[in-house]
Structure formats: C-alpha cells, structure tokens
Amino acid sequence: MTTDSTKNERYNAREAEPRWQKAWDERGIFATKNDDPRPKYYVLEMFPYPSGRIHMGHVRNYTMGDVVARYKRAMGHAVLHPMGWDAFGMPAENAAMDRKVHPKAWTYENIATMKAQLKSMGLSLDWAREIATCDPAYYKHQQKMFLDFLNAGLVERKQSKVNWDPVDQTVLANEQVIDGRGWRSGAVVEQRELTQWFFRISDYSEDLLNALDTLDRWPEKVRLMQKNWIGRSEGLLIRFMLDPQTVPDKESELEIFTTRPDTLFGAKFMGLSPDHPLAAAAARKNPKLAAFIEECHRKGTAQAEIDTAEKMGFDTGIRAMHPFDPGWKLPVYVANFILMDYGTGAIFGCPAHDQRDLDFVNKYGLGNTPVVCPEGQDLKTFVITNTAYDGDGRMINSRFLDGMSIEQAKEEVAKRLETETRGNRPVAQRQINYRLRDWGISRQRYWGCPIPIIHCAKCGVLPVPEKDLPVKLPEDVTFDKPGNPLDRHPTWKNVKCPQCGGDARRETDTMDTFVDSSWYFARFTDPWIANAPTDRKQVDKWLPVDQYIGGIEHAILHLLYSRFFTRAMKKTGHAGLDEPFAGLFTQGMVVHETYRKKNGEWAMPADVKIETSGEARRATLIATGEEVEIGPIEKMSKSKRNTVDPDDIMESYGADTARWFMLSDSPPERDVIWSEEGVQGAGRFVQRLWRLVGEIADVKAPEARPAQFGDAALAVRKAAHRALANVSDDIARLRFNRCVAHIYEFANALGEAIGGIETAVTPDLAWALREAGDILVRLFHPMMPHLAEECWAALGHKMLVASEPWPQLEPELLVENTITLPVQVNGKKRADVTVPRDAGKTDIEAAVLALDAVKRALEGKSPKKVIVVPQRIVNVVA
RNA sequence: GCCCCUGUGGCGGAAUUGGUAGACGCGCCAGACUCAAAAUCUGGUGGCCGCAAGGCCGUGCUGGUUCGAUUCCGGCCAGGGGCACCA
C-alpha cells in the first residue's frame with residue numbers, strides 16, 4: 001500500500017510538544033475542581049528538593065505518576081495530581097556559604113528552572129496548587145500545628161545526646177557524621193547534651209506497627225523495614241536487690257529489662273550503661289570508674305568504631321542478688337555496649353546464650369553456664385566457648401525450670417516474679433519495648449521553619465501567641481561565620497515575653513525538614529485556605545492519597561513520620577484519618593554504564609561514543625578519540641559522572657521518547673539501565689507510530705458501523721480489543737513495562753494488517769482499521785501524550801485526546817471460537833490440537849489420540865490416562 | 001551478627017500465579033531500497049545433532065512433591081538490600 005508522500009514527514013517532537021503543552025494550558029484541563037462530583041483519585045509523586053536541575057530519577061518518578069493520572073482521568077475520575085517543592089534544607093545554606101547567594105534567592109531560582117523542566121515533560125499537573133515549604137504561607141500553618149501538638153501533649157522538650165560539630169557549631173544528624181568527623185568541617189564530632197524539641201512518635205509505636213497490616217497496597221518490603229525499625233520486643237522488667245554493703249548512697253535496687261528471663265540461672269554479671277544513674281553514683285566515689293565512663297563517652301559516635309569496638313567493662317564493686325537466690329551475688333559492671341535509651345539501660349548478662357555477653361565474660365574471665373540445651377545434644381559434651389547458643393532447646397542447670405521449653409520457662413519465671421512483691425510492688429512485670437525513639441526536630445540551622453517558641457527568664461518556655469504567626473525568617477542574615485545565623489542576628493531573637501512583657505528570647509532552632517514533608521499532601525487538597533492548615537472538608541474528601549510514588553530511600557523516615565503526623569493531625573482536628581497513603585509504590589533507580597579515561601578520571605556519557613562490532617563494544621571520547629574503559633553499571637551520580645541530563649534528551653528526542661523509554665523494559669520497581677541504544681529504540685517507535693497512524697488516516701472508512709465483519713476486519717478488531725484489555729489491566733497494576741510490550745504487539749499487528757492489503761480496502765476492514773487507530777492512540781496517550789495529541793488530530797478528531805474517555809471494551813471480541821491447546825505426552829510437548837471452544841473432554845481426548853505426533857510418541861503403547869485441563873493443556877500419560 | 005529480596009538467551013525482561021519457557025524491546029546476522037550513507041522495510045536469532053522432518057538438552061546448583069515445576073517444599077551456592085552492641 002502506498003502512502004501520500006506528504007504524509008511521510010517525520011514527527012517533529014521539538015515543534016509539537018510545546019504546542020500541545022500550550023493547548024492543555026489554555027484549556028485548563030488539568031486543573032482540579034474541589035467540587036467535582038465524580039469519584040476522586042489522588043495520585044502523588046514525592047515532591048522534589050529544588051537542588052538546581054531535575055535528574056533522570058525525577059523523570060522516571062513523574063512519568064509513572066502522570067501515566068496513572070491520565071489513565072484515571074480517562075476512566076472518569078476527578079483526579080488530583082499536584083506538585084510542589086520541599087524547599088527548606090542545608091544545600092541552600094551551603095550555597096550561601098560557598099557562593100554568597102541568599103538561600104531564598106538560590107531556592108527560588110532553582111524552583112523556576114526545575115518547574116520549566118517539569119513543564120517540558122508534559123506532565124498533567126494542577127500547577128494552581130503549587131506550594132513551596134519555604135513560603136511563610138505554608139510554614140505558618142506548620143507553626144500553628146506545632147503549637148496544637150504542644151497543647152495536645154504530642155511535643156516535648158527534653159535533654160538528649162547529639163552529635164555536635166565544634167567548628168560549624170551545629171548539631172549533625174547521624175548520617176552527617178563520617179568516621180567520627182563532621183561531613184563539612186572535618187572536625188572531630190563531640191557528644192553533647194542539648195535541650196531539644198521532640199515529637200512523641202514513640203507514643204504511637206504500637207499503633208504504627210499494628211496498622212502496617214492494613215496497608216495492603218504497600219510493598220511488603222517497606223512494611224517489613226518499618227516493622228524492624230519500630231522494633232517491638234516482649235520481655236520482663238526485673239528488680240534486682242543490691243547487696244547493701246556494696247551500694248553507694250541510697251541505691252538499693254537495680255531494674256533491668258530482658259527478653260530472655262528463661263536464662264536467669266545462666267546469669268554471670270549485671271551490666272550498666274555508662275549513662276546509668278547507678279554508674280554515675282558509683283563513679284562519685286571511684287575516680288577510676290569516672291575515668292572509664294569518660295572514656296566511653298568519647299567514643300561511640302562513628303559507625304565504624306561501633307562495629308569494631310571491643311567489649312569493655314569496669315567492675316563497680318557493687319553486687320546484685322539473684323531474684324531466686326539472695327545468697328547468689330552477681331558483680332555489677334559498667335559496660336560500653338549497653339545503651340541508656342533502650343529498656344532501663346541495664347541488663348543481666350547470660351553469656352552462654354548471648355554473643356555480646358559471651359565476648360564480655362571471656363575478656364573478664366567470668367565464665368559461663370549453659371542453661372538451654374539443643375534437642376539431641378549430649379549434656380556432657382555441651383560446652384560453650386566462643387559462640388553463644390541462641391537456638392531452641394530444653395532448660396538445664398536451672399533448678400525448677402529444668403526440662404521445660406524456653407517458652408514454658410519464660411512463662412514460669414514471669415509468673416513467679418510478678419506475684420512476688422517487694423515494697424508493695426511486684427518484683428517483675430511484663431513489658432513491651434520498642435526500638436523506635438522520639439523524633440528530635442530541633443536544628444541549629446537558618447533555612448528551616450522557625451519553632452514558634454519564646455523563652456522568658458521569668459515565665460519559662462512559652463508558645464508564640466497565634467495572632468503573631470507566622471514567625472517569619474529574617475532575610476538580613478549573614479553566613480560568613482559558622483553556626484546558626486538566627487542565633488547571632490542582632491534584633492530578631494530579642495522579643496517581649498507574651499505573658500509578662502519583659503525581655504525574652506526567641507527560640508532560634510528551626511524544624512527538621514522532614515516536618516515540612518510530613519503534611520504537604522494534606523495541604524494540596526486546599527492550598528488556598530489562609531486561616532487554617534487544612535480545610536477539613538477537602539482533606540476528608542481527597543485523602544488518603546490513592547497512589548503515592550517515590551524512591552525506596554524514603555521507606556522509613558519520610559513515610560513513618562507522615563504516618564505519625566497524620567495521626568497527630570487527627571488528634572488536633574486537622575485531619576480525620578490515620579493513614580495518609582492507601583497505595584504506595586517505590587520505584588527503582590536510573591542506572592548507567594560508567595566510563596573511565598586512562599588517567600583515571602570519569603567521562604560523561606554525553607562525551608562518549610559507543611561502537612559495536614559483533615558482540616564487542618568499544619567506547620571512545622568524541623572529542624579526542626581516546627579509548628575509555630567501559631565500567632560497571634551504577635546509579636547515576638555526580639561522582640562517577642555517569643549522569644544524563646534530561647534537558648539533553650528532551651532536546652534531541654523529545655519528552656515522549658524519554659517517557660516511553662523510562663517505562664519500557666524494566667519493571668518499575670527495579671532499576672532501569674539508561675542506554676543510548678534504548679532511547680534510540682524508543683525514538684524509532686515514536687516515528688513508527690506516527691507513520692502507522694498516517695497510513696490509517698489515509699483509509700477511507702464508512703461513517704456507519706458495518707453490520708458484518710470479514711475475517712481480516714475481525715482479526716484487526718480482536719487485536720485492538722485484546723490490547724485494550726491488557727493495557728488497561730497493566731496500567732491499573734502499574735506494570736508499565738508490560739503495557740509497553742502490549743502496545744508494541746498491537747502496533748505490529750496493525751502494521752501487518754495494513755501491509756497485507758493488496759488492492760482496495762473493503763469498507764468493513766476500513767472501519768475496523770479506523771477503530772483500531774483510535775484505540776491505539778488512546779492507549780498510548782498516558783505514556784506519550786504529545787504524540788497522542790498529534791495523532792488524534794491527524795485522525796480527524798477535533799477534541800484533545802487528553803480529555804477523551806478511555807475506549808470501551810467489547811468483551812465478546814476477546815473470545816475465540818476455536819482454541820489451540822498444547823498436547824503433551826508424559827509431560828513433554830509433542831503437538832498442538834485445535835478444537836471448538838466448547839469441546840467436551842471426550843471429544844478433545846479423541847482428537848488428541850488421533851494425532852500422528854501423539855501416536856508416534858506413544859510408540860504403539862496405549863495411554864494409561866489422559867489429563868484434559870479445559871482451556872489450558874492436554875497431557876497423555878503412557 | 002539478625003532480617004529480607006533476587007537468580008530465566010549476548011542484554012533488559014515476559015510467562016494468564018502449577019499447564020506450550022524465552023512475549024516485547026535492545027543488540028547481532030543476512031537481505032531489500034540507495035552511487036553511497038542515514039532512515040525505512042523483510043527474514044533469522046537459547047544450545048547441540050540433522051539437508052529436512054524431527055530429536056535431545058535447557059529457567060544458579062541439588063534433592064523432593066506432581067500427569068506436569070521458572071512457579072510449591074528441603075538443602076546448598078552466588079548477588080543485592082535493610083537494621084545494626086536494641087539485652
């Protein structure tokens with residue numbers, strides 16, 4: 001079939017894409033109305049930090065979200081698909097220090113650049129709802145909620161140990177301490193006790209853990225990570241009496257937490273955290289102990305040190321009495337491996353069944369007694385030397401517990417000790433402990449949301465009165481000195497006490513930026529409301545987010561904080577639900593080959609040319625022709641220079657090609673390898689679709705639907721509706737790589753159908769081809785929206801395909817009249833058999849046994865059994 | 001150390017969840033068009049044997065369950081991720 005030569009023009013993405021973006025903008029078709037009566041669908045991608053330019057990870061993330069948004073819109077939903085900026089944070093301050101630009105100017109310039117980049121991707125976003133967390137119109141509400149949380153008992157001020165950088169004069173997060181040194185200054189980090197603000201997330205430990213089971217549209221992996229992070233363990237709090245002759249001051253007992261009360265008869269020592277009050281009390285009388293505790297404090301910030309740190313202890317001289325035998329005295333050690341903020345900061349050590357305790361006793365010669373014996377183990381040969389036994393078994397060497405299982409022994413110990421009282425209190429009680437700690441939100445930083453608190457020498461710590469909100473960041477600050485610019489601002493921090501009117505001081509700490517991102521999804525539902533953080537009507541309407549999409553790196557912190565924050569908002573009346581994200585999808589990274597020059601420097605993909613001959617690939621620098629080594633495929637990063645700039649791809653191939661390639665091949669949860677060949681393949685397909693649609697547009701079809709369809713026409717219609725069914729199902733399940741494959745298949749089938757036309761097109765086939773063309777364009781529209789508009793127009797439609805409904809499936813076209821079943825003999829495929837769709841088992845069996853291939857495979861033997869699985873397979877067992 | 005995931009052609013991956021292994025794409029090979037190139041189109045492409053028809057082998061390794069296993073169960077190997085002195 002020949003085509004008009006004018007239709008042979010290539011599709012020009014660079015010209016077409018801005019044109020269609022403008023058309024969408026002018027018609028405002030992506031603006032969401034809060035009074036839209038259709039069923040709601042809220043799709044959200046994790047909003048970006050305005051670092052400067054978008055990267056390929058953003059392209060992947062936002063493409064996926066956009067496919068879902070466009071699909072749901074076509075399915076008749078009122079879709080909320082907003083975008084904003086996680087705009088507070090350290091990089092802006094670093095830029096201020098390095099380049100003398102104000103953080104605010106730097107941030108807003110980046111936002112402008114990145115917004116233009118996102119717009120060039122053709123995303124169907126409602127930009128009218130755009131928010132930036134550094135805007136006082138946003139953080140004012142965050143301050144209001146902080147005060148509400150404070151009133152509701154969800155915020156607390158307490159002392160805590162922090163990593164302190166003495167050069168930059170700021171607190172560092174654990175991730176910012178590298179090998180014991182500050183990541184910016186390189187100074188040795190100190191441990192300091194500071195008074196900080198905390199959100200009481202640990203009050204919700206149990207709820208946050210239990211509710212994970214209700215999040216059935218979250219990846220199992222993320223739920224598991226959160227479960228481990230919350231870290232629930234059941235155990236027993238036991239009060240040990242101390243030997244009065246050995247105790248300093250008025251201490252008389254020591255409370256410990258254990259999950260293994262069954263091993264109580266294997267105890268060899270008691271351990272105290274260096275921060276334990278009893279350790280401090282003992283140190284007051286013992287300078288050597290005090291020195292040891294000091295030594296412990298100096299170490300222990302750097303991860304590497306903790307990994308390799310030797311178990312060290314110091315005998316306090318105090319002796320504890322065994323709860324079941326007052327005559328049995330246990331030495332009380334201060335030990336460097338015991339944490340103050342878990343349990344009670346004190347343990348009893350059972351070396352035979354705990355590796356750390358074993359390492360400890362082996363160093364100090366305290367010995368061990370096994371009390372759990374593995375099933376089938378000979379008691380006489382059961383000795384623990386260097387490896388503790390933490391498996392199952394029977395109790396031994398344990399008096400009244402002997403012979404019991406671990407579970408029985410735990411229960412027996414708990415029962416005995418919780419019914420025994422001392423000073424009107426039970427000696428032991430059951431307790432559930434969580435690893436999750438309260439969320440410290442104080443940062444000694446400028447570029448963050450100010451904590452709305454005033455410190456008055458007379459009246460104490462006071463909230464800023466609501467009428468004075470927002471507490472705005474002053475803009476006249478300097479970054480020439482280390483430390484927090486707010487702290488040395490001449491006027492900002494000096495205020496009058498709202499209670500007594502005397503001189504008072506503002507809180508100069510700002511909030512952790514994770515606070516900003518813990519509620520932005522709620523603000524999107526009505527970003528205009530000025531007198532409250534949220535409009536309850538809109539929050540109730542739109543939340544939870546139906547589909548949240550982002551990187552796995554946020555599996556714990558951001559997602560856990562948001563879950564807590566939503567609960568806190570519920571308690572203070574700002575929201576009505578517990579779980580903000582009904583569906584979560586974590587996408588994989590974008591990775592790329594690395595290229596290394598002879599001198600060891602990395603080369604950028606854009607500067608490298610790849611040649612292939614046979615199976616060998618060779619990379620050379622375009623500029624000089626120097627051969628570079630092709631290295632392993634790694635996450636795109638500045639350090640390895642294996643990044644590809646989205647702008648370059650948009651420029652040379654267009655947004656649709658980039659979007660299509662991002663969705664092809666790799667399943668969305670896995671890493672995708674960005675390759676030049678892959679992009680070219682996607683670009684080829686864009687042109688192929690354009691030609692194919694051009695050919696269909698040339699077909700003269702009757703207005704009316706024909707009453708009858710011939711074989712060729714029916715085949716086209718079946719291919720179209722099968723593709724429709726498959727693609728719909730796969731988009732709904734976010735299996736974009738399969739959508740892509742099905743669209744390829746469909747385009748291949750259509751291409752063959754048109755190529756097979758020899759003379760004139762019959763009216764029924766012409767009609768079927770036009771129908772198939774319309775379906776094809778609407779199917780790929782969510783992935784390649786600009787090309788789809790261009791094709792839709794070429795097919796003669798006047799409306800935008802972006803506001804067209806999804807095609808109607810005709811299910812009867814999915815049903816075949818005859819089916820071809822594979823035929824196995826003894827489990828090996830030998831033939832196919834084609835039978836009517838509703839053929840009975842006996843008919844199929846007869847047809848199968850008549851096949852030559854089956855007779856041959858049976859070698860004259862008669863079959864023992866014929867298994868016929870309807871619609872699936874036939875297996876002949878000889 | 002504890003917990004979890006993954007392993008299929010040269011490559012990315014598919015397989016209706018126990019029923020034809022390798023869809024679709026990339027790459028490669030051959031051909032058509034062209035003075036040539038680009039672009040495009042056609043055919044081939046897991047391995048081995050065979051002119052062919054066809055046969056044998058094949059989803060990390062190794063056992064098992066089953067008429068039938070990439071899929072389920074046991075053991076091992078390899079790679080990746082999370083937590084990490086949490087008592």
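Residue numbers start from 1 in every chain, and the chains themselves are labelled A, B, ... in the order their sequence lines are given, proteins ahead of strands.
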Hey, is B/G9 sitting syn or anti, using the within-90° cutoff around 0? syn
Where does B/U17 land, syn or anti, once you apply the within-90°-of-0 test for syn? syn
Is A/D852 salt-bridged to A/R856, going by a charged N under 4.0 Å from an acidic O? no
Across all strands shown, which nucleotide pairs with B/C72 by Watson-Crick or G-U wobble geometry, both distances under 3.5 Å? B/G64
I'd like a list of close polar pairs between nucleotides 40-43 of chain B and the protein, N/O only, cut-off under 3.5 Å.
residue, atom, partner, partner atom, Å
B/U40, O3', A/R691, NH2, 3.0
B/C41, OP1, A/R691, NH2, 3.2

C1' gap between B/A14 and B/G25, integer Å: 11 Å
Considering every strand and a 4.0 Å limit on heavy-atom distances, what is the contact class for A/L821: base, sugar-phosphate, or nothing? nothing
Let me know, please, whether A/P822 or A/V672 comes out on the 5' side of the other along RNA chain B by nearest nucleotide. A/V672
May I ask you to evaluate whether A/K635 reaches the phosphate of B/G80, defined as a side-chain N or O under 4.0 Å from OP1 or OP2? no
From A/I552 atom CD1 to A/Q587 atom CD, the distance as rounded to the nearest 0.5 Å: 10.0 Å
Using a 4.0 Å cut-off on heavy atoms, which residues in residues 721-737 of chain A reach RNA chain B? List them by number, or say none. A/N737
Could you tell me whether A/D341 and A/R437 have a side-chain N and a carboxylate O separated by less than 4.0 Å? yes
Counting side-chain heavy atoms from C-beta on, which of B/A23, B/G27, B/C85 comes nearest to A/F337? B/C85
Both distances below 3.5 Å, Watson-Crick or wobble geometry, any strand: find the nucleotide opposite B/A32. B/U40
Considering only B/G68, B/G27, B/G12, which nucleotide approaches the side chain of A/S666 most closely? B/G12
According to the Watson-Crick and G-U wobble definitions, with both distances under 3.5 Å, which nucleotide is paired to B/C2? B/G82
Please report the distance separating the P of B/G63 from the corresponding atom of B/G81, rounded so that it comes out in whole Å. 32 Å
Residues from residues 270-278 of chain A sitting under 4.0 Å of RNA chain B, heavy atoms only? none
Starting the side chain at C-beta, find the nucleotide from B/G19, B/C26, B/G82 nearest to A/I556. B/G82
Using a cut-off of less than 4.0 Å, is there contact between a side-chain N or O of A/S664 and OP1 or OP2 of B/C26? no
So, under a plain 3.5 Å distance rule, would you say the side chain of A/K227 forms a donor-acceptor pair with the base of B/C3? no
Separation of the C1' atoms in B/G58 and B/U20, to the nearest angstrom: 15 Å
Tell me what A/D341 touches on the nucleic acid: a base, only sugar-phosphate, or nothing, going by heavy atoms under 4.0 Å. nothing
So what's B/A87 paired with, Watson-Crick or G-U wobble, going by both distances under 3.5 Å? none
If pairing requires Watson-Crick or G-U wobble contacts with both distances under 3.5 Å, which nucleotide is the partner of B/G27? B/U45
Of the candidates B/G54, B/A23, B/G19, the side chain of A/R872 sits closest to B/G19
Checking B/C56, B/C24, B/G19 against the side chain of A/Y744 (C-beta onward), the nearest is B/C24
Which of B/C4, B/G13, B/G19 is nearest the side chain of A/P667? It is B/G13
Verify the contact: side-chain N or O of A/R830 to OP1 or OP2 of B/G68, cut-off strictly under 4.0 Å; return yes or no. no
Touch class at under 4.0 angstrom, heavy-atom based, for A/Q824 against every strand present: base
Going by purine N1 to pyrimidine N3 plus the second Watson-Crick contact, or the G-U wobble pair, all under 3.5 Å, which nucleotide sits opposite B/U16? none
Minimum-distance nucleotide (side-chain atoms of A/K865 versus B/G82, B/G19, B/C67): B/C67
